[in-house]
Undergrad: 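The structure is given below, and queries will be raised subsequently.
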Amino acid sequence: MSAESVPKGSSLRVVHLPARTPYARKLNGAGIHALNAYSATELPEISPGVTVPPDVTASWLLSHTPLDWLDVLHLHHIDLETPADLERLLDACARADVRVVFTAHDTQPMIDGMDSFVRRLGLLLAAEVPWICLTEGSRTDLATILGAKLPAAVIPHGYVVPPETVRHRAHRPADSGVRSLLYGAVRASRDQVSPVVNWSLSNSHASRALHLLLRAASPADFTKGATSKLPMLLDAARSDPRISITLRPYPTDAEVLEAALGSDLLLLPYLWGTHSGQLELAFDLGLIPVCSRVGHLHEQFELHRQHGQAVPEPEWFDWTAGHPNLFGERFLAALETATTRATATRRRIDHKFLDYRVDEHERVLAAHLALYEGGTP
């Protein structure tokens with residue numbers, strides 16, 4: 001494998017595994033050249049006719065060794081890889097002198113079991129890979145889970161949609177009622193079915209609307225015994241003409257922005273989670289989040305307040321304690337309060353907050369670059 005197509009220069013050649021998420025696809029520029037930037041119109045070739053796919057896997061990288069065509073491998077959702085492939089990939093990076101950095105997006109596995117999740121994290125610890133945590137609380141939680149001090153820097157999530165694409169936009173005024181948005185993948189960490197049912201059956205206002213912006217469905221969502229609730233979600237949505245569904249391969253920044261600008265509330269029914277990029281989107285666009293108080297989402301909100309930034313406080317509902325049979329009424333109470341707030345408050349984009357986002361992004365990039373260049377957390 002020749003590295004001539006991607007020469008080493010002033011910018012570090014970085015591969016994100018994977019690069020589809022808003023978090024990964026904004027880590028480009030300022031000395032960082034992402035070889036598989038999701039938003040790029042043309043990806044650089046690592047050899048004639050070969051580019052690194054945005055949804056690159058460990059097995060793809062292992063089939064394109066030696067890895068002398070990149071400088072840094074930034075790992076994200078490692079529970080998509082088998083422990084064996086992850087271990088082989090770490091060895092291949094060591095042989096090619098490729099710097100490996102890991103962002104711990106979650107403190108629980110999205111797929112597979114906790115034992116395999118901890119095993120993967122243990123491989124990274126053994127390889128002395130530097131970590132990035134998105135909140136102080138998640139770093140503490142992971143250290144407790146692993147029973148070890150983590151080599152982790154805390155770098156906040158930052159914006160979802162680049163401020164320059166937001167600055168000259170405005171919310172589309174509602175024809176009448178309050179509009180809600182629920183978007184993203186149908187994952188075990190979110191309860192999307194009961195919020196849709198509660199939204200639909202709790203009110204008879206013909207002017208209200210709910211938009212579902214979903215990731216493409218996969219065979220695993222429909223096979224017998226599947227844990228995905230997608231079929232139930234689709235059945236619930238189709239029974240109410242006020243609910244619209246947009247299915248995309250993987251929603252782009254532009255598609256998310258368009259959906260958000262036509263909304264008043266952003267529904268975030270997490271059952272568990274460490275942080276939320278969707279919560280950051282609500283802050284950027286002035287949406288009212290209807291958000292479960294789980295993980296370190298409240299820490300994300302408090303971080304902006306500590307920096308003197310005015311962001312809309314979520315309408316919180318507590319799913320961290322109590323019997324699951326109570327979750328529905330808690331969500332519905334929060335939804336009704338948020339709807340009242342939305343009726344009384346006009347949605348607006350805070351340009352002062354966007355200025356803060358630009359400055360924050362420069363600090364986020366600088367912190368990543370320091371780790372990429374060999375700095376210690």
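Every value quoted in this text rests on a predicted model; they were computed, and no experiment measured them. The figures here come from the full heavy-atom set of this structure, side chains too, leaving out hydrogens, waters and symmetry mates. The chain is numbered in sequence order, starting from 1.
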Undergrad: Compare every heavy atom of Phe222 with every heavy atom of Ala217, then report the nearest pair and how far apart it is.
TA: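 Minimum heavy-atom contact is CB-CE1, 3.6 Å.
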Undergrad: Quick check: do Ser276 and Tyr270 have side-chain heavy atoms less than 4.5 Å from each other?
TA: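 Ser276 vs Tyr270: side chains touch.
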Undergrad: Give a yes or no on whether a salt bridge exists between Arg88 and Asp91, defined as a side-chain N under 4.0 angstrom from a carboxylate O.
TA: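 No, this pair does not count.
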Undergrad: Are Thr274 and His105 close enough that a side-chain donor and a side-chain acceptor fall under 3.5 Å?
TA: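 Per modelled atom types, Thr274 and His105 side chains form no pair under 3.5 Å.
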Undergrad: Inspect the surroundings of CG in Asp359 and state if more than 12 heavy atoms from other residues, nucleotides or ligands are less than 6.0 Å away.
TA: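 Yes, the 6.0 Å shell around CG holds more than 12 heavy atoms from other groups.
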Undergrad: In Å, rounded to the nearest 0.5 Å, how long is the span from CG of Leu27 to CD1 of Ile132?
TA: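 If we round to the nearest 0.5 Å, Leu27:CG and Ile132:CD1 are 7.5 Å apart.
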Undergrad: With distance as the sole test, does Ser47 use its side chain to make a donor-acceptor pair with the main-chain N or O of Val50 at under 3.5 Å?
TA: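 Not confirmed, Ser47 side chain does not pair with Val50 backbone.
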Undergrad: Among Glu315, Glu313, Glu336, find the residue that satisfies the salt bridge (charged side-chain N to carboxylate O under 4.0 Å, His left out) test when tested with Arg341.
TA: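 That would be Glu315; it is the only one of Glu315, Glu313, Glu336 passing the salt bridge (charged side-chain N to carboxylate O under 4.0 Å, His left out) with Arg341.
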Undergrad: Transitively linked via ILVMFWY side-chain contacts under 4.5 Å: Leu268 with Leu271?
TA: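 Yes, because Leu268 and Leu271 connect within a single hydrophobic cluster, where side-chain heavy atoms sit under 4.5 Å apart.
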Undergrad: Kindly compute the distance separating CD1 (Ile145) from OG1 (Thr140), expressed to the nearest 0.5 Å.
TA: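 Output value for this atom pair is 11.0 Å.
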Undergrad: Ignoring hydrogens and geometry, is there a side-chain-to-backbone donor-acceptor pair from Arg172 to Glu258 under 3.5 Å?
TA: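 The answer is yes, because a donor-acceptor pair under 3.5 Å joins these two groups.
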Undergrad: What is the minimum heavy-atom distance between Arg293 and Asp318, and which atoms define it?
TA: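 Nearest pair, atom of Arg293 first, then Asp318: O-OD1, 4.2 Å.
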Undergrad: Classify the ring geometry between Phe353 and Phe283 as parallel (under 30°), tilted (30 to 60°) or perpendicular (over 60°).
TA: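 Phe353 and Phe283: perpendicular rings.
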Undergrad: Can you hop from Leu267 to Leu261 via hydrophobic side chains spaced under 4.5 Å?
TA: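 Yes, same cluster.
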Undergrad: If I compare all heavy atoms of His74 with all of Val14, which pair ends up nearest, and what's the gap?
TA: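 Between these two residues, the closest heavy atoms are CB-CG1, 4.3 Å.
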Undergrad: Evaluate the side-chain proximity of Leu285 to Val166: yes if any heavy-atom separation is below 4.5 Å, no if none is.
TA: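 Counting from C-beta outward, Val166 and Leu285 do come under 4.5 Å.
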Undergrad: Could you check whether any side-chain heavy atom of Ile288 comes within less than 4.5 Å of a side-chain heavy atom of Arg347, counting everything from C-beta outward?
TA: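 Of all side-chain heavy-atom pairs linking Arg347 with Ile288, at least one is under 4.5 Å.
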Undergrad: Going hydrophobic residue to hydrophobic residue with side-chain gaps under 4.5 angstrom, can you get from Val161 over to Leu354?
TA: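 Per the 4.5 Å side-chain linkage, Val161 and Leu354 are co-clustered.
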Undergrad: For the residue pair Phe301 and Trp316, categorise the inter-ring angle as parallel (less than 30°), tilted (30 to 60°) or perpendicular (more than 60°).
TA: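 Phe301 vs Trp316 ring planes: perpendicular.
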Undergrad: Can you find a heavy atom in the side chain of Pro151 that is under 4.5 Å from one in the side chain of Val129?
TA: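 Of all side-chain heavy-atom pairs linking Val129 with Pro151, none is under 4.5 Å.
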Undergrad: Kindly compute the distance separating CG (Leu201) from OG (Ser239), expressed to the nearest 0.5 Å.
TA: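 Between atom CG of Leu201 and atom OG of Ser239 there are 7.0 Å.
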Undergrad: Side chain to side chain contact (heavy atoms under 4.5 Å, CB included) with Pro156: which of Gln300, Glu360, His304, His275?
TA: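 Option passing the side chain to side chain contact (heavy atoms under 4.5 Å, CB included) with Pro156: Glu360.
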Undergrad: Are Leu303 and Val358 linked, directly or through other ILVMFWY residues, by side chains that come within less than 4.5 angstrom of each other?
TA: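 In one cluster: no.
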Undergrad: Tell me, which pairs form a salt bridge (Lys or Arg N to Asp or Glu O under 4.0 Å) where one or both residues lie in residues 280-289, sequence neighbours left out?
TA: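 Sorted pair list: Glu280-Arg357, Asp284-Arg357.
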Undergrad: Counting neighbours of CD on Glu164 that are heavy atoms of other residues, nucleotides or ligands and sit closer than 6.0 Å, is the number greater than 12?
TA: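 Yes, because the 6.0 Å sphere around CD of Glu164 holds more than 12 heavy atoms from other groups.
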Undergrad: Looking only at heavy atoms, what is the nearest atom pair of Pro18 and His77, with distance?
TA: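 Minimum heavy-atom contact is CD-N, 4.0 Å.
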Undergrad: Measuring only between side-chain heavy atoms, which start at C-beta, is Leu124 closer than 4.5 Å to Leu75?
TA: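 They are in contact (side-chain heavy atoms under 4.5 Å apart), so the answer is yes.
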Undergrad: Under 4.5 Å between any side-chain heavy atoms of Phe317 and Leu335, yes or no?
TA: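 Counting from C-beta outward, Phe317 and Leu335 never come under 4.5 Å.
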Undergrad: Same cluster for Tyr159 and Tyr183 if Ile/Leu/Val/Met/Phe/Trp/Tyr side chains link at under 4.5 Å?
TA: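 Per the 4.5 Å side-chain linkage, Tyr159 and Tyr183 are not co-clustered.
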Undergrad: Is the backbone of Val154 close enough, under 3.5 Å, to the side chain of Glu136 for a donor and an acceptor to pair up by distance?
TA: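 Here the side-chain-to-backbone pair does not exist.
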Undergrad: Between Arg139 (side chain only) and Ala152 (backbone N and O only), is there a donor and an acceptor less than 3.5 Å apart?
TA: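 Judged by distance alone, yes, a pair lies under 3.5 Å.
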Undergrad: NE2/His298 to CG/Leu279 distance, rounded to the nearest 0.5 angstrom?
TA: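 Going from the NE2 atom of His298 to the CG atom of Leu279 covers 10.5 Å.
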Undergrad: Do Val118 and Leu146 pass the side-chain contact (heavy atoms from CB on, under 4.5 Å) test, and can you show the C-alpha distance, the side-chain angles, and the key distance before you say yes or no?
TA: CA-CA 7 Å; Val118 171; Leu146 296 171; 3.8 Å; yes
Undergrad: Which distance, rounded to the nearest 0.5 Å, do you find between the CG of Leu73 and the CZ of Arg99?
TA: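 Rounded to the nearest 0.5 Å, the CG-CZ separation comes out at 12.0 Å.
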Undergrad: Treating Ser63 as the side-chain partner and Trp60 as the backbone partner, does any N or O pair qualify as donor plus acceptor under 3.5 Å?
TA: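 Yes.
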Undergrad: Set out, in order, the CA-CA distance, both residues' side-chain angles and the distance that settles side-chain contact (heavy atoms from CB on, under 4.5 Å) for Leu214 and Leu233, then state yes or no.
TA: CA-CA 11 Å; Leu214 305 176; Leu233 178 64; 4.1 Å; yes
Undergrad: Could you check whether any side-chain N or O of His368 sits under 3.5 Å from a backbone N or O of Asn28, counting only pairs where one atom can act as donor and the other as acceptor?
TA: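 The answer is no, because no donor-acceptor pair under 3.5 Å joins these two groups.
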Undergrad: Sub-3.5 Å donor-acceptor pair from the side chain of Asp106 to the main-chain atoms of Gln108, do we have one?
TA: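 No.
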Undergrad: Quick one: pull up CG in Asp79 and CE in Met114 and give me the separation to the nearest 0.5 Å.
TA: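 Here the interatomic distance stands at 11.0 Å.
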Undergrad: Test: salt bridge (Lys or Arg N to Asp or Glu O under 4.0 Å). Region: residues 176-201. Which pairs qualify, not counting sequence neighbours?
TA: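 As it turns out, the salt bridge (Lys or Arg N to Asp or Glu O under 4.0 Å) pairs with a partner in residues 176-201, which skip direct neighbours, are Arg179-Asp264.
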Undergrad: Indicate yes or no: at least one non-hydrogen side-chain atom of Arg13 is less than 4.5 angstrom from one of Ile46.
TA: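 With C-beta onward as the side chain, the pair stays apart.
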Undergrad: Are any of the side-chain heavy atoms of Lys26 and Leu365 separated by less than 4.5 Å?
TA: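 No. Closest side-chain heavy atoms not under 4.5 Å.
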Undergrad: Keeping the roles fixed (side chain from Ser200, backbone from Val196), state whether a donor-acceptor pair exists under 3.5 Å.
TA: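 Such a contact is absent between Ser200 side chain and Val196 backbone.
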Undergrad: Start with the C-alpha distance between Asp253 and Thr165, add both sets of side-chain angles, then the distance that settles side-chain contact (heavy atoms from CB on, under 4.5 Å), and finish with yes or no.
TA: CA-CA 9 Å; Asp253 287 347; Thr165 65; over 6 Å; no
Undergrad: Might you point out which heavy atoms bring Ala104 and Leu142 nearest each other, and give the distance in Å?
TA: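 Of all heavy-atom pairs spanning Ala104 and Leu142, the closest is CB-CD1, 3.5 Å.
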Undergrad: Give a yes or no answer on whether the side chain of Arg208 reaches the backbone of Trp199 with a donor-acceptor pair at less than 3.5 Å.
TA: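 Not confirmed, Arg208 side chain does not pair with Trp199 backbone.
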Undergrad: Go through the structure and list residues passing side chain to side chain contact (heavy atoms under 4.5 Å, CB included) with Ala92, not counting sequence neighbours.
TA: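 Applying side chain to side chain contact (heavy atoms under 4.5 Å, CB included) to Ala92 gives Leu62, Thr65, Leu67, Arg95.
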Undergrad: Is a side-chain N or O of Arg120 found less than 3.5 angstrom from the main chain of Ile78, in a donor-acceptor match?
TA: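 Flag set: sc Arg120 to bb Ile78 pair under 3.5 Å.
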Undergrad: Charged N to carboxylate O below 4.0 Å: is that the case for Arg167 and Asp355?
TA: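 A salt bridge is present here (some side-chain N lies under 4.0 Å from a carboxylate O).
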Undergrad: Is there a side-chain contact (heavy atoms from CB on, under 4.5 Å) between Thr339 and Leu265 once you walk through the steps?
TA: CA-CA 8 Å; Thr339 299; Leu265 309 181; 3.8 Å; yes
Undergrad: Which pair of heavy atoms, one from Ile32 and one from Leu369, lies closest together, and at what distance?
TA: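 Looks like CG1-CD1, 4.0 Å.
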Undergrad: Tell me, yes or no, whether the heavy-atom count around Met232 atom CE, taken from other residues, nucleotides or ligands under 6.0 Å, exceeds 12.
TA: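 Result for CE/Met232: open.
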